[in-house]
Amino acid sequence: MTSSLNLKFTSTSSISSSLSVFSVILKKVKMGLTSSLRRNNKSFLRIFMILVLSCIPGRTNLCSNHSVTTPIDLPPDIRSSLDSLDLEGYISFNDVHNASKDFGNRYQLPPLAILHPRSVSDISTMVRRIVHLGSTSNLTVAARGHGHSLQGQALAHQGVVINMESLRSPDIKIHKGKQPYVDVSGGESWINILRETLKYGLSPKSWTDYLHLTVGGTLSNAGISGQAFKYGPQINNVCQLEIVTGKGEVMTCSEKQNSELFYSVLGGLGQFGIITRARIALGPAPHMVKWIRVLYSDFSAFSRDQEHLITKKNGFDYVEGFVTVNRTDLLDNWRSSFSPNDSIGASQFKSEGKTLYCLEIVKYFNTEEVNSVPQERFPLQETEKLLSELSYIPSTLFSSEQSARYDALVTK
């Protein structure tokens with residue numbers, strides 16, 4: 001299935017986890033140690049390939065971006081053709097600076113114009129017009145969410161960038177029941193979805209680390225965070241999509257309807273269409289969380305503990321790792337959100353000049369569990385036992401407990 005345009009969508013999943021996390025996932029795929037991981041082997045392999053492709057050097061850039069030093073000759077009637085479109089939103093030819101760079105900051109490629117859509121019809125109309133202009137126009141289209149792509153996927157040199165955040169709808173539709181879900185615009189941010197669903201005691205099953213990203217952006221990449229080992233990435237928790245294809249057609253797709261398009265778009269780096277609406281599976285939100293960070297100086301112990309945690313039944317609900325290099329006063333910076341278990345030991349710990357590996361883990365609890373345990377012990381009993389199985393540096397244990405207002409969830 002191919003598009004008629006060089007469609008590109010921002011890969012806005014902020015993949016800041018260490019390479020060790022990916023190696024752990026790949027090992028789990030190969031070894032198939034648990035039934036849940038076996039069910040998600042194909043998804044994990046797909047994610048791993050996406051991550052590898054996203055790291056390919058610029059000379060094989062998936063987006064086929066032009067250098068800023070290479071001008072593109074545009075026929076004089078192209079601008080007038082685009083400007084004449086009947087749109088609910090508007091198109092801007094002058095203020096294009098903000099769409100010239102992305103989070104990776106490796107390219108500066110100004111577009112010809114930015115479309116600020118107010119409806120899916122605006123996007124379809126624009127794509128159809130560019131298709132009508134033909135390949136000789138040299139126009140490309142890039143859908144841009146929060147601009148967190150790393151290699152120019154959200155840029156379109158002398159083309160049209162579609163500002164997907166303009167497509168946000170004030171109405172986030174939540175459907176409760178045995179299989180709850182939320183219908184949202186592809187330009188909606190995950191932080192707004194989380195805040196709204198928490199009002200109903202629900203939340204998306206899988207998130208990204210940074211929540212100020214758009215739905216369409218992360219679903220076009222994969223959407224990976226610390227829950228992926230348990231629920232799969234975000235693309236594993238989508239029920240239905242609305243897509244504008246490379247021909248400008250608006251199509252609905254799911255596992256049973258237009259399934260080839262559905263699976264191509266999810267994690268497809270924007271090459272098969274623009275996600276304009278998504279139906280996302282929800283699950284019960286926890287009533288209390290225990291949020292923990294610890295440090296390792298030995299990579300083998302760090303990766304071994306990660307493997308142990310993601311294969312353990314009834315263990316932590318969120319497991320993620322990352323690397324820090326030569327960070328000054330690392331533990332002191334944590335004190336704004338966490339409390340040290342050993343205050344004296346933490347104050348004496350020096351992170352300068354060291355390569356350290358941080359493990360971030362979270363345990364969820366519901367109301368019944370909260371009420372069944374004495375307040376002064378909750379939720380230490382379970383977490384202490386789980387922590388006793390790990391080999392982190394003892395003085396670097398920091399934790400935070402958050403209760404029924406779900407502050408920790410929104411913070412993450």
Side-chain angles (χ1 to χ4, degrees), residues 3 5-12 63 65 72 74 77-103 107-133 137-149 152-172 183-193 212-220 241-251 265 270 273-278:
S3 299
L5 288 176
N6 179 14
L7 286 172
K8 302 179 286 183
F9 203 93
T10 173
S11 53
T12 56
C63 298
N65 281 327
I72 296 178
L74 296 172
D77 60 336
I78 286 183
R79 173 167 175 164
S80 60
S81 177
L82 299 181
D83 200 22
S84 66
L85 291 174
D86 183 17
L87 303 170
E88 295 179 41
Y90 67 97
I91 185 169
S92 172
F93 294 93
N94 299 319
D95 187 15
V96 298
H97 174 73
N98 290 335
S100 300
K101 294 189 294 183
D102 62 6
F103 187 74
Y107 302 93
Q108 186 166 349
L109 306 170
L112 169 69
I114 302 175
L115 172 64
H116 301 271
R118 288 289 183 265
S119 67
V120 176
S121 177
D122 283 354
I123 299 175
S124 174
T125 298
M126 175 60 71
V127 173
R128 287 176 184 271
R129 176 57 58 89
I130 295 176
V131 170
H132 177 74
L133 290 171
S137 70
N138 291 320
L139 286 178
T140 59
V141 175
R144 179 187 181 97
H146 207 61
H148 270 236
S149 60
Q153 292 95 330
L155 311 179
H157 185 216
Q158 292 300 298
V160 178
V161 169
I162 300 176
N163 176 20
M164 295 300 294
E165 291 185 314
S166 295
L167 195 63
R168 288 180 180 176
S169 170
D171 184 20
I172 297 178
D183 276 321
V184 292
S185 163
E188 189 59 77
S189 66
W190 287 100
I191 185 66
N192 289 338
I193 296 170
H212 295 269
L213 303 174
T214 60
V215 169
T218 63
L219 295 185
S220 292
L241 295 172
E242 179 186 72
I243 305 296
V244 174
T245 70
K247 295 180 180 180
E249 300 170 331
V250 180
M251 299 182 66
V265 169
I274 298 172
I275 298 173
T276 53
R277 179 160 287 276

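Nearest heavy atoms, Val131 versus Lys247: CG2-CA, 4.3 Å. Contact record, Ala154 with Ser149: N-OG, 3.3 Å, taken as the closest heavy-atom pair. Minimum heavy-atom separation, Ala278 to Leu219: CB-CD1, 3.9 Å.
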Go through it in stages, so that I can follow the logic: the residues are Leu133 and Asp77, the test is side-chain contact (heavy atoms from CB on, under 4.5 Å), and I'd like the CA-CA distance, side-chain angles, deciding distance and then a yes or no. CA-CA 10 Å; Leu133 290 171; Asp77 60 336; 5.6 Å; no

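Not one N or O on the side chain of Ser189 forms a donor-acceptor pair closer than 3.5 Å with the backbone of His212. A donor-acceptor distance shorter than 3.5 angstrom exists from the side chain of Ser185 to the backbone of Leu167, with no hydrogens or angles considered. Listed for the Asp102 side chain is no donor-acceptor partner under 3.5 Å among the backbone atoms of Gly147.
With rounding to the nearest 0.5 Å, the separation of CD in Glu165 from CD in Glu188 is 9.5 Å. The OG1 atom of Thr218 sits 12.0 Å away from the NE2 atom of His148 when rounded to the nearest 0.5 Å. Note that the CG atom of Leu155 and the NE2 atom of His157 stand 10.0 Å from one another [nearest 0.5 Å]. Atom CG of residue Leu85 and atom CD1 of residue Ile91 lie 6.5 Å apart, to the nearest 0.5 angstrom. Here the straight-line distance linking atom CG of Asp86 with atom CZ of Arg129 works out to 10.0 Å at 0.5 Å rounding. The distance from the CD1 atom of Ile275 to the CD1 atom of Ile243 is 5.0 Å, given to the nearest 0.5 Å.
Looking only at atom types and distance, the side chain of Gln108 has no donor-acceptor partner in the side chain of Ser100 under 3.5 Å away.
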Would you mind writing out the side-chain donor-acceptor pairs for residues 111-125 within the sub-3.5 Å range, not counting sequence neighbours?
| from | atom 1 | to | atom 2 | distance (Å) |
| --- | --- | --- | --- | --- |
| His116 | ND1 | Asn163 | ND2 | 3.2 |
| Ser119 | OG | Glu88 | OE2 | 3.1 |
| Ser119 | OG | Ser121 | N | 3.4 |
| Ser119 | OG | Asp122 | N | 3.3 |
| Asp122 | OD1 | Glu88 | N | 2.9 |
| Asp122 | OD2 | Glu88 | N | 3.4 |
| Asp122 | OD2 | Gly89 | N | 2.7 |
| Asp122 | OD2 | Arg118 | N | 3.0 |
| Ser124 | OG | Arg128 | NE | 3.3 |
| Ser124 | OG | Gly248 | O | 2.5 |
| Thr125 | OG1 | Ser121 | O | 2.8 |

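With sequence neighbours excluded, the residues forming a side-chain contact (heavy atoms from CB on, under 4.5 Å) with Asp171 are Ser169, Lys173, listed by chain and number.
The shortest side-chain heavy-atom distance between Asn192 and Val184 does not fall under the 4.5 Å cut-off.
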